[in-house]
Number of protein chains: 2
Amino acid sequence: MENEIKYTEKEIELLLKKHGIRLTAIRILILKEMFKFKNTFNLTDLEISLDTIDKSTIFRTIILFEEQHLLHSIEDGSGSVKYCVCTQDHICSINELHAHFHCEVCKQTFCIENEHIPLIHLENGFIAKSINYTIKGICPKCKDINHMN
Amino acid sequence: MENEIKYTEKEIELLLKKHGIRLTAIRILILKEMFKFKNTFNLTDLEISLDTIDKSTIFRTIILFEEQHLLHSIEDGSGSVKYCVCTQDHICSINELHAHFHCEVCKQTFCIENEHIPLIHLENGFIAKSINYTIKGICPKCKDINHMN
DNA sequence: GTTTATGCAAATTCTTTGCAATACT
DNA sequence: AGTATTGCAAAGAATTTGCATAAAC
């Protein structure tokens with residue numbers, strides 16, 4: 001594992017509580033694991049790295065976290081829903097949502113942190129709850145490997 | 001069927017040819033059916049309305065149409081990929097792509113025709129091929145039915 | 001002790017593929 | 001004849017659910 005742990009046990013617990021999520025050993029473990037992913041992750045990613053925990057438990061935990069706005073989902077057209085954790089440096093309210101980039105070669109999905117999603121005008125009567133802005137293409141690493149331009 | 005047929009047999013055939021797609025009776029039938037949907041449609045929608053044609057044939061036809069840029073796909077997080085046909089009044093090149101609105105109540109996905117997707121700046125090295133901009137929320141009809149605001 | 005969370009097993013849904021049969025040129 | 005298209009059947013992948021057990025409050 002090449003990742004640096006950003007959050008202490010205590011901080012993980014506070015984050016859960018802040019979002020009105022009851023503490024359990026498994027939820028702490030799952031959230032801790034989520035922070036290990038540099039980019040986004042899907043259910044299978046978590047299932048593999050948390051192989052003692054049942055898939056359905058992870059699934060229901062993701063649903064709970066999403067309902068409590070501790071994470072949000074990204075549809076990148078890869079065939080599985082990706083997730084990323086909402087933290088204070090990674091804002092997820094509707095006006096400050098960030099966009100994502102999905103590489104069609106390596107299948108990774110990156111957060112585009114530096115810019116918010118530009119909003120467009122909605123006709124009267126439509127109520128926006130969330131926005132998904134995903135650019136698909138080729139990331140720098142895969143471009144170099146495949147000598148594309 | 002409350003839909004008005006917008007395209008004649010002849011126009012359907014021309015559209016296929018224009019996109020370098022060989023004509024077959026089934027492809028003409030499928031494209032004609034696609035135009036009947038006011039909004040977007042998915043594989044199952046077509047499977048139901050074209051119940052004499054096999055699902056895998058429809059699937060492979062969609063892939064072909066998409067490769068030839070006769071239609072484009074939309075990931076709206078509904079669990080199935082939606083499609084909509086690219087016509088001259090419904091531009092689909094990357095700079096002129098339109099956004100979509102997905103209603104979480106009725107599960108319909110609407111094209112937002114009046115505005116192009118605003119582009120955001122990509123860091124050096126990223127190559128964009130397509131963009132997916134989908135707003136999720138509640139459509140006017142469902143808002144009224146459920147007395148929401 | 002009652003509510004909530006978890007694991008196991010399996011169902012469901014959506015997508016995709018192999019292969020044989022058919023149609024087209 | 002040879003290539004492209006289609007149908008059938010089934011595989012694969014991702015998601016979701018029912019129910020019994022275990023944990024938390």
Side-chain angles (χ1 to χ4, degrees), chain A residues 12-13 16-17 19-34 40-68 70-83 102 104 107-109 132 136, chain B residues 12-13 16-17 19-34 40-68 70-83 102 104 107-109 132 136:
Chain A
I12 295 277
E13 289 179 17
L16 287 167
K17 275 188 198 155
H19 287 267
I21 297 163
R22 219 179 296 248
L23 297 182
T24 71
I26 284 186
R27 286 172 183 171
I28 293 167
L29 220 58
I30 292 176
L31 183 53
K32 208 183 283 179
E33 199 62 34
M34 286 175 172
T40 61
F41 51 87
N42 65 16
L43 177 58
T44 308
D45 293 332
L46 286 173
E47 201 188 338
I48 291 167
S49 49
L50 292 164
D51 67 344
T52 56
I53 302 176
D54 190 76
K55 181 179 46 185
S56 66
T57 301
I58 302 173
F59 175 71
R60 284 188 266 231
T61 303
I62 289 173
I63 303 259
L64 175 70
F65 285 8
E66 190 171 18
E67 280 168 357
Q68 302 302 117
L70 177 50
L71 60 79
H72 69 273
S73 59
I74 306 135
E75 290 100 30
D76 60 12
S78 67
S80 70
V81 182
K82 301 285 172 60
Y83 304 93
H102 175 71
E104 291 170 330
K107 314 293 179 199
Q108 275 201 89
T109 298
N132 202 85
K136 280 199 272 192
Chain B
I12 295 277
E13 289 180 16
L16 288 167
K17 276 189 197 156
H19 287 268
I21 297 163
R22 217 179 298 251
L23 296 182
T24 72
I26 284 186
R27 286 173 184 170
I28 293 167
L29 219 59
I30 293 177
L31 183 53
K32 209 183 282 179
E33 198 62 34
M34 286 174 173
T40 62
F41 51 86
N42 66 13
L43 178 56
T44 308
D45 293 331
L46 286 174
E47 202 189 338
I48 292 168
S49 49
L50 292 163
D51 68 344
T52 57
I53 302 176
D54 191 74
K55 181 178 46 185
S56 66
T57 301
I58 301 174
F59 175 71
R60 285 189 266 233
T61 304
I62 289 173
I63 303 260
L64 174 70
F65 285 8
E66 190 170 19
E67 280 168 357
Q68 301 303 116
L70 176 51
L71 60 78
H72 70 273
S73 58
I74 306 135
E75 290 100 31
D76 60 12
S78 66
S80 71
V81 182
K82 302 284 172 63
Y83 304 94
H102 175 71
E104 291 170 330
K107 314 293 181 199
Q108 276 200 88
T109 298
N132 204 84
K136 280 200 272 192

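Per chain, numbering begins at 1; letters A, B, ... match sequence-line order.
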Phosphate oxygens OP1/OP2 of [N]: is one of them under 4.0 Å from a side-chain N or O of [X]?
X	N	answer
Thr24(B)	dT6(D)	yes
Arg27(A)	dT6(C)	yes
Ser56(B)	dG7(D)	no
Arg22(A)	dA24(D)	no
Thr57(A)	dG7(C)	yes

* Minimum-distance nucleotide (side-chain atoms of Leu43(B) versus dT15(C), dT16(D), dT6(C)) ->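 Selected nucleotide: dT15(C).
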
Take the protein atom [atom1] of [X] and the nucleotide atom [atom2] of [N], then report the distance between them rounded to whole Å.
X	N	atom1	atom2	answer
Lys107(A)	dA13(D)	NZ	P	14 Å
Gln68(A)	dT4(C)	CD	C1'	14 Å
Leu23(A)	dT3(C)	CG	C1'	17 Å
Phe59(A)	dT12(C)	CZ	P	16 Å
Asp54(B)	dA23(C)	CG	C1'	16 Å
Phe65(A)	dT6(C)	CZ	C1'	14 Å
Ile58(A)	dG7(C)	CD1	P	9 Å
Glu75(A)	dT15(C)	CD	C1'	17 Å

* To do: Let me know, please, whether Ala25(B) or Glu47(B) comes out on the 5' side of the other along DNA chain C by nearest nucleotide.
  =>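 Here Glu47(B) is the residue nearer the 5' end.
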
* To do: Starting from the 5' end of DNA chain C, give me the residue, Thr52(A) or Ile63(B), whose nearest nucleotide shows up first.
  =>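 On the 5' side of the pair lies Thr52(A).
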
* How about Leu64(A) and Arg27(A): do any of their side-chain heavy atoms sit closer than 4.5 Å? ->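 Leu64(A) vs Arg27(A): side chains touch.
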
* Leu16(B) side chain near Phe65(B) side chain, heavy-atom distance below 4.5 Å ->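 Side-chain contact under 4.5 Å: yes.
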
Distance, nearest 0.5 Å, that separates [atom1] of [X] from [atom2] of [Y]:
X	Y	atom1	atom2	answer
Asn132(A)	His72(A)	CG	NE2	8.0 Å
Asn42(A)	Thr109(A)	CG	OG1	9.0 Å
Leu50(A)	Ile26(A)	CG	CD1	9.5 Å

